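Report on the following structure.
Remember, it's 1-based here, ligands and their atoms both numbered in the order they're listed. As the structure is a prediction and not an experimental result, all values here were calculated from the model.
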Amino acid sequence: AVPLCRCAAVPLCRCAAVPLCNSQPMNTSVTTRGACPHDCPDTCAMRVTVQDGRAIRIQADPDHPPTQSALCTKVSRYTERTYHAERVLHPLKRVGPKGSGQFARVGWDEALDAIAARLTSIATRDPQAILPYSYAGTMGLLQGDSMSSRFFHRLGASLLDRTICSSAGGEALAATYGAKVGMHLAHFAESRLILIWGSNSIASNLHFWTLAQQAKRDGAKLICIDPRKTETADKCHQHIALRPGTDGALALGLMHELIVHEWLDHDYIERHTEGWPALRERALQWPPERAAQVCGISADEVRALARDYASIRPASIRLNYGMQRVRGGGNAVRLIAILPCLIGAWRHRAGGLLLSSSGWFKPVVDSAALQRPDLLAGRQPRTINMSTIGDELLRQSDELLPDGRRFGPKIEALIVYNSNPVAVAPQSSRVVQGFARDDLFTVVLEHFLTDTADHADYVLPATTQLEHLDLHTSYGHTWALINEAAIAPVGEARPNTQIFRDLATRMGYTEDCFRDDDEALARVAFTGPVTLQALREHGWVQLPIAEAPFAEGAFPTASGRCQIDSKTHGVPDHVDNHECEARTPELARRYPLAMISPPARNFLNSTFVNVKSLRDIEGEPLLEMHADDASARHIESGGMVRVHNERGSYLCRVAVSARARRGVVNGLGVWWRKLGAGGTNVNEVTHQQLTDLGRAPSFYDCLVEVQLAEPVSP
Ligand SMILES: Nc1nc2c(c(=O)[nH]1)N[C@H]1C(S)=C(S)[C@@H](COP(=O)(O)OP(=O)(O)OC[C@H]3O[C@@H](n4cnc5c(=O)[nH]c(N)nc54)[C@H](O)[C@@H]3O)O[C@H]1N2
Ligand SMILES: Nc1nc2c(c(=O)[nH]1)N[C@H]1C(S)=C(S)[C@@H](COP(=O)(O)OP(=O)(O)OC[C@H]3O[C@@H](n4cnc5c(=O)[nH]c(N)nc54)[C@H](O)[C@@H]3O)O[C@H]1N2
Ligand SMILES: [Mo]
């Protein structure tokens, strides 16, 4: 069990942070160390102030270097979310039709017994008919996948391929550098040129942006490469507004210029890369005019960018996942990741590239100890891709799949935690149809009645970050952090870990590992330089990584060289979008606008959409449209529009705006469907086709048409 507060003598103190509340008298506040759990590269260190058992303040930890004394607007409002009037505070059982959100309160015992009985009966036939569905609602090592994985491994449930965000870019980085590794965050401050590529840093990577500003004040040039004129683009020296999904072509055009002008670092290429000659041949076929034509920009923009990249040192690239959500996302990341090798940018600590730092943590996180894949005991369950959940839920037993394999058993039960698939997964009509299946048994562990929870047979109340212990790594910096529980669980909420422990007991699993409490899990999570004791003492531990990690090659590949020509993926190339003029001209005639749907600044994916103060800032679901595209359709700013294609239609307010480039509309944010217009969100129009690498969704590769909406009856 969670160690109880030793000051049990103090009746109001329900705080589980043992060392701190030992001798706290009533009415004094205590501060605990926290870490932001959200799916964001910044992973901030927080201080949580608790008075009389209630969290009253969340602040940035001023001592944690990457956090730089600042939290984003969303997370500084975390108490508003934790004590939200609509928080799910006890288990719920469905009493209305699926999706109606009609539930009755039940006790934990009743809910757990019913769930265990149903899972047991399905598992007797085939446990693979049960599917876990989770993503990064919390990035914590404990409340993410630890006890949950043990549970599903023991059960023999289908495995989930967690591809919805970053796997195209992740696989590309691994194919090129050997792992998801890159520059130190702090060194961007010393760069003289920063390409901010496919990232709206002000919105989604704030603590990098602070460093980029510092570099700018010291004379650095900032160039933003993004179809949308973002808040970040506004503050850069230059903005290159390319068409979505054309980054690979731009990278090839840049390579062409580096070659023909003799701007290459031949020594670095020779010693630290392999496979350049084949890519060199390919790049020579991409003069600036050809790249510009594909990208929808001018050849001079390509030439000038190449000149800057070759001549301003040190030069860095902050690549982000926004640019890999298209068919050719993986190839584009590979091409861009090769650029710093061609000019030897890695020689300097403020040169190189950062897409993700998560690979630096691989050697220090003991995921086998946390997740215990050995509990599979030789079984090899099938794997289901989370990004195509709409299709997967609608498949019949043993259906023949496009790749010639058989599907196996129809999905009969779904256990969702840390995710809101009904809102975030592509092609909503299919996803909703799947979740609405009457013969599907769905359990959702949640804080709120999200669009997904509305479809559950049972909703189980989960704790928030203030209420549980967790440990964190980061994909934007290289510090491991601890999050202590600051307050007791609100209502009857339980940590994910405890819910899966409780379920394991009900299922009759007797292995010792199902008795590990969160402290025990925390003790085995890390190896090497990171220990629970060190985290408790300091709040965080920085990984020991070389200042300029690839100055002398030493990439974590088999050969130590950057793999330009990968054994598994060949030589990278530009890959056209699934849906674009070049590949699907007929579709492009009917749906001539490309739609991207980047994150909203005051939400975190679909999290926070129900927090009123944040929703008030965002206003309502918005589509940004270029003036020429709007006037061609007699659309004026402020009207309601219907964004549609063959898959569905999305209702939202239109803003005629210079933030949209001609031919591209920006559908901002993944709203909760039930809080959007007409019960829709942007994923009504996205599709389930996957990327070239990593089996990821191509959210930003989507053709639509837009028209004024009929007035909606209230
Ligand atoms: N405030 C806030 N912060 C977040 C999130 C959030 O929802 N809100 N989401 C978090 C998550 S889940 C992630 S994965 C991370 C990273 O999240 P990302 O999704 O990478 O977020 P952004 O940094 O906004 O990057 C998206 C940018 O890519 C641009 N873009 C779209 N298509 C293309 C293209 O084809 N080429 C190029 N060059 N650019 C393109 C978009 O216009 C947008 O400005 O951020 C996290 N941080
Ligand atoms: N059109 C379009 N779609 C997108 C994107 C896009 O840019 N455009 N972005 C994509 C990306 S990058 C991502 S990462 C995915 C994100 O997809 P998800 O990972 O599903 O992210 P969220 O929408 O934030 O939903 C997370 C849910 O987890 C819950 N949660 C948080 N902490 C806990 C906990 O401790 N326990 C339990 N049980 N629940 C918890 C939250 O309440 C929230 O409802 O969406 C993708 N979908
Ligand atoms: Mo993401």
Side-chain angles (χ1 to χ4, degrees), residues 37-42 72-74 81 133-140 143-144 148 162 164-166 169 196-206 224-233 240-247 250 318-326 328-329 332 336 386-387 416-421 423-426 444-448 450-453 460-465 467-468 470 475-476 493 495-496 499 577 594-610 659 664 666-667 669-670 672 681-683 685-686 697 699-702:
H38 290 296
D39 186 355
C40 167
D42 294 20
C72 65
T73 315
K74 309 178 282 301
R81 187 170 187 278
Y133 195 100
S134 74
Y135 201 63
T138 167
M139 302 277 288
Q143 308 307 332
S148 52
R162 293 184 169 80
I164 204 154
C165 168
S166 60
I196 301 179
W197 200 324
S199 168
N200 183 8
S201 313
I202 293 182
S204 67
N205 194 189
L206 190 61
C224 181
I225 304 173
D226 194 315
R228 175 169 184 251
K229 188 167 184 294
T230 59
E231 304 90 305
T232 308
I240 299 180
L242 78 185
R243 286 196 189 100
T246 61
D247 302 85
L250 178 58
R318 183 50 168 115
L319 195 60
N320 213 337
Y321 288 113
M323 49 70 63
Q324 47 99 68
R325 296 189 184 116
V326 292
I336 295 166
M386 71 185 302
S387 301
V416 183
Y417 53 103
N418 301 341
S419 185
N420 183 10
V424 305
V444 177
L445 285 59
E446 251 300 348
H447 302 149
F448 294 103
T450 59
D451 293 323
T452 305
L460 302 178
T463 46
T464 69
Q465 189 75 345
E467 301 150 64
H468 54 228
D470 219 331
Y475 65 98
N496 291 343
I499 298 175
N577 275 0
M595 188 198 75
I596 57 172
S597 46
R601 181 169 178 176
N602 294 288
F603 302 148
L604 199 299
N605 300 323
S606 79
T607 303
F608 295 108
V609 178
N610 64 326
R659 296 214 181 278
V664 180
N666 312 323
V670 182
W672 283 20
N681 81 8
V682 74
N683 280 317
V685 288
T686 56
F699 289 114
Y700 302 170
D701 172 343
C702 173

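- No N or O atom of Q143 sits closer than 3.5 Å to an N or O atom of ligand 2.
- Within ligand 2, counting atoms from 1 as listed, the ones closer than 4.0 Å to a heavy atom of T450 are 44 (O).
- Put simply, the side chain of S148 does not reach to within 4.5 Å of the side chain of N496, judged on heavy atoms.
- Contact annotation for T452 and ligand 2: no heavy atom of the residue comes within less than 4.0 Å of the ligand.
- The closest side-chain donor-acceptor pair between N205 and R318 falls under 3.5 angstrom.
- Each of the atoms 32 (N), 34 (C), 35 (O) of ligand 2 lies under 4.0 Å from some heavy atom of T138.
- The side chain to side chain contact (heavy atoms under 4.5 Å, CB included) check on S204 picks up N320, with sequence neighbours excluded.
- Remark: the backbone N or O of W672 is not paired with any side-chain donor or acceptor of D451 at under 3.5 angstrom.
- Counting only heavy atoms from C-beta outward, the side chains of T452 and S419 never approach each other to under 4.5 Å.
- A donor-acceptor pair is defined here as one N or O able to donate and one able to accept, closer than 3.5 Å; no such pair exists between the side chain of H38 and the backbone of T138.
- Under a 4.0 Å criterion applied to the non-hydrogen atoms of N683, ligand 2 contributes the atoms 1 (N), 2 (C), 3 (N).
- Counting only N and O atoms by type, the side chains of N200 and T232 include a donor and acceptor under 3.5 Å apart.
- Of all the atoms in ligand 2, the ones that sit under 4.0 Å from a non-hydrogen atom of A462 are 36 (N), 37 (C), 38 (N).
- Under 3.5 Å, the side chains of D39 and Y475 contain a donor-acceptor pair of N or O atoms.
- At a 4.0 Å heavy-atom cut-off, the residues surrounding ligand 1 are D39, C40, P41, K74, C165, W197, G198, S199, N200, A203, S204, I225, D226, P227, R228, T230, L242, P244, G245, D247, N320, Y321, G322, M323, R325, Y475, I596, P598, P599, A600, R601, F603, L604, N605, Y700, listed by chain and number.
- I225 places a side-chain heavy atom less than 4.5 Å from the side chain of D247.
- Not a single heavy atom of T464 sits closer than 4.0 Å to an atom of ligand 2.
- Note: an N/O pair closer than 3.5 Å links R81 and ligand 2 by distance alone.
- Residue contacts with ligand 2 for L445 involve both N, CA, C or O and side-chain atoms from C-beta outward (heavy atoms, distance under 4.0 Å).
- A cation-pi arrangement, defined by a distance under 6.0 Å to the six-membered ring centre and an angle within 45 degrees of its axis, is absent between R162 and Y135.
- Checking only distances, N420 does come within under 3.5 Å of ligand 2, N or O to N or O.
- Annotation for ligand 2: atoms under 4.0 Å from non-hydrogen atoms of H468 are 35 (O).
- You'll find the side chain of V682 stays beyond 4.5 Å of the side chain of F699, heavy atoms only.
- Atom NZ of residue K74 and atom CG of residue L206 lie 8.0 Å apart, to the nearest 0.5 angstrom.
- Ligand-side atoms of ligand 2 in range of N418: 19 (O), 26 (C), 27 (C), 28 (O), 33 (C), 34 (C), 35 (O), 36 (N), 37 (C), 38 (N), 39 (N), 40 (C), range being under 4.0 angstrom from any heavy atom.
- The distance criterion of under 3.5 Å between nitrogen or oxygen atoms is not met by V682 with respect to ligand 2.
- Proximity to E446 (heavy-atom distance under 4.0 Å) selects the following atoms of ligand 2: 27 (C), 28 (O), 29 (C), 38 (N), 41 (C), 42 (O), 43 (C), 44 (O).
- By the 4.5 Å heavy-atom criterion applied to side chains, N577 and R243 are not counted as neighbours.
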